[in-house]
Amino acid sequence: MTEKAVDHLIERLDGLAPSTALVLGSGLGGLVDRIEHPIRVSYANLPGFPRSGVSGHAGEVVAGLFAGTPVLMLSGRAHYYEHGDAAAMRPVLEVLAGIGITKLILTNAAGSVDPDMPPGSVMLITDHINFSGTNPLIGEPSDRRFVGLTEAYDAGIRKAIERAAKATGTKLHKGVYMWFSGPCFETPAEIRMARIMGANAVGMSTVPEVILARFLGLRVAACSVVTNLAAGMTGAELSHQETKDMAPVGGSRLATVLQRLFRDGLLES
Ligand code: HPA
């Protein structure tokens, strides 16, 4: 299944050989519009790729030149809460590794646990807490399942993103992302717990992809775009509409940083 998707994608890329892939979170899909000469491949044509049902996720691979660099973007991801399968992104990441991707940058929309990190902020994830009670490697038979996560978030890519943020004058928060299964938002008590446990942001994605990426030997980094203060922090109820409405605010900041990252070749240095 994976081989078919690898072959199809390589054929469609027609000689373009990106080494970096970006996964675009809710409301961040606009980044694909910054790709020059885009090659678009629907997930429907790639065996093993998810049929994402979350509004705000398109479900296509878009590859081309981003700030002069060959890059592959994934617009749309599968979430654990859609079907209870934490490994739903495994075929996708296997295909990326199969076409020669070595670096993965994940993005997501997240709630902030910290009043000093308001909506519109961008947070570079330094570490995570897996609070879902599951793991995408459950059932993996080989001893490769015992993946070390001491340095899950690649120090070199993180440094490069920090440099790009500095060069663009973008404030880049850094912090710990805590994965809740969703799909409902957290309770105020859960958010108080998250804060005590050391989380800076909470969300419903990314962590399984980080685990799978490390399992497959990909270097990985991740950035959150803060769409809201987390449950109980403002008195207002949370909604997916708010996530979609607010994501482009921080999303355009993150886009500026990522564009600089590739324009200046910071990932290579
Ligand atoms: N919680 C979980 N996931 C989210 C949130 C939140 O507050 N905002 C955006 N994604």
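Count residues from 1 along the sequence. Treat the numbers as computed from the prediction; the structure is a model and nothing was measured.
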Are [X] and [Y] packed together at the side-chain level, in the sense that at least one heavy-atom pair is separated by less than 4.5 angstrom?
X	Y	result
Asn200	His173	no
Val92	Pro50	yes
Ser19	Lys103	yes
Leu46	Val61	yes
Asn135	Asn130	yes
Leu172	Val257	no
Lys174	Met123	no
Leu74	Leu24	no

Between [X] and [Y], what is the shortest heavy-atom contact and its length?
X	Y	answer
Ser224	Tyr177	OG-CD1, 3.6 Å
Glu190	Thr187	OE1-N, 2.9 Å
Ala230	Leu238	C-CD1, 4.3 Å
Pro91	Thr2	O-CG2, 4.5 Å
Ala213	Val220	CB-CB, 4.0 Å
Thr227	Ala109	CG2-CB, 3.8 Å

**Request:** Give the other cluster members for Met197, using side-chain heavy-atom distances under 4.5 Å between Ile, Leu, Val, Met, Phe, Trp and Tyr residues; answer none if it is isolated.
**Result:** Val113, Ile129, Phe131, Val176, Met178, Phe180, Ile191, Met193, Val202, Leu229, Met233
**Request:** List, by chain and then residue number, the residues other than Met246 in its hydrophobic cluster (Ile/Leu/Val/Met/Phe/Trp/Tyr, side-chain heavy atoms under 4.5 Å); write none if there are no others.
**Result:** Val249
**Asked** Should we say atom CD of Glu36 is surrounded by more than 12 heavy atoms from elsewhere, each under 6.0 Å from it?
**Response** yes
I need the [X] [atom1] to [Y] [atom2] distance, nearest 0.5 Å.
X	Y	atom1	atom2	answer
Lys4	Leu9	NZ	CG	15.5 Å
Thr20	Met73	OG1	CE	10.5 Å
Arg260	Leu266	CZ	CG	8.0 Å
Leu31	Thr107	CG	OG1	7.5 Å
Met89	Leu212	CE	CG	8.5 Å
Thr69	Leu267	OG1	CG	8.5 Å

Acceptor/donor pairs from residues 203-211 side chains to any protein atom, 3.5 angstrom cut, sequence neighbours excluded:
| residue | atom | partner | partner atom | Å |
| --- | --- | --- | --- | --- |
| Thr206 | OG1 | Asn108 | ND2 | 2.8 |
| Glu209 | OE1 | Arg77 | NE | 3.1 |
| Glu209 | OE1 | Arg77 | NH2 | 2.9 |
| Glu209 | OE2 | Arg77 | NE | 2.8 |

**Request:** Show the numbers, then the answer: is there a side chain to side chain contact (heavy atoms under 4.5 Å, CB included) between Arg40 and Ser42?
**Result:** CA-CA 7 Å; Arg40 295 174 173 268; Ser42 166; over 6 Å; no
Just to verify, what does [X] make a side chain to side chain donor-acceptor pair (under 3.5 Å) with, not counting sequence neighbours?
X	answer
Thr150	none
Arg12	none
Asp7	none

**Asked** Going through the distances and angles, do Trp179 and His128 end up as a side chain to side chain contact (heavy atoms under 4.5 Å, CB included)?
**Response** CA-CA 7 Å; Trp179 177 34; His128 72 233; over 6 Å; no
**Asked** Do Thr256 side-chain atoms and Ser252 backbone N/O form a donor-acceptor pair below 3.5 Å?
**Response** yes
**Main-chain N/O of Tyr153 paired with Arg158 side-chain donor or acceptor, under 3.5 Å** = yes
**Item:** Arg51 to Tyr43 six-membered ring, cation-pi geometry met (6.0 Å, 45°)
**Value:** no
**Asked** Charged N to carboxylate O below 4.0 Å: is that the case for Arg90 and Glu94?
**Response** yes
**Asked** Going through the distances and angles, do Arg219 and Thr102 end up as a side chain to side chain contact (heavy atoms under 4.5 Å, CB included)?
**Response** CA-CA 6 Å; Arg219 294 171 60 193; Thr102 56; 5.8 Å; no
**CA sep, side-chain torsions, deciding dist, call: Ser142, Glu140, side-chain hydrogen bond (donor to acceptor under 3.5 Å, both in side chains)** = CA-CA 6 Å; Ser142 76; Glu140 162 61 34; 2.6 Å; yes
**Asked** Glu11 and His8: side-chain hydrogen bond (donor to acceptor under 3.5 Å, both in side chains), yes or no, with the steps?
**Response** CA-CA 5 Å; Glu11 193 184 317; His8 182 68; 5.2 Å; no
**Request:** Take Ser132 and Thr134 through the side-chain hydrogen bond (donor to acceptor under 3.5 Å, both in side chains) test and state the conclusion after the steps.
**Result:** CA-CA 5 Å; Ser132 69; Thr134 190; 5.4 Å; no
**Request:** Start with the C-alpha distance between Ile35 and Leu65, add both sets of side-chain angles, then the distance that settles side chain to side chain contact (heavy atoms under 4.5 Å, CB included), and finish with yes or no.
**Result:** CA-CA 5 Å; Ile35 290 192; Leu65 292 183; 5.9 Å; no
**Request:** Kindly state whether the ring of His240 and the ring of Phe185 have centres lying under 6.0 angstrom apart.
**Result:** no
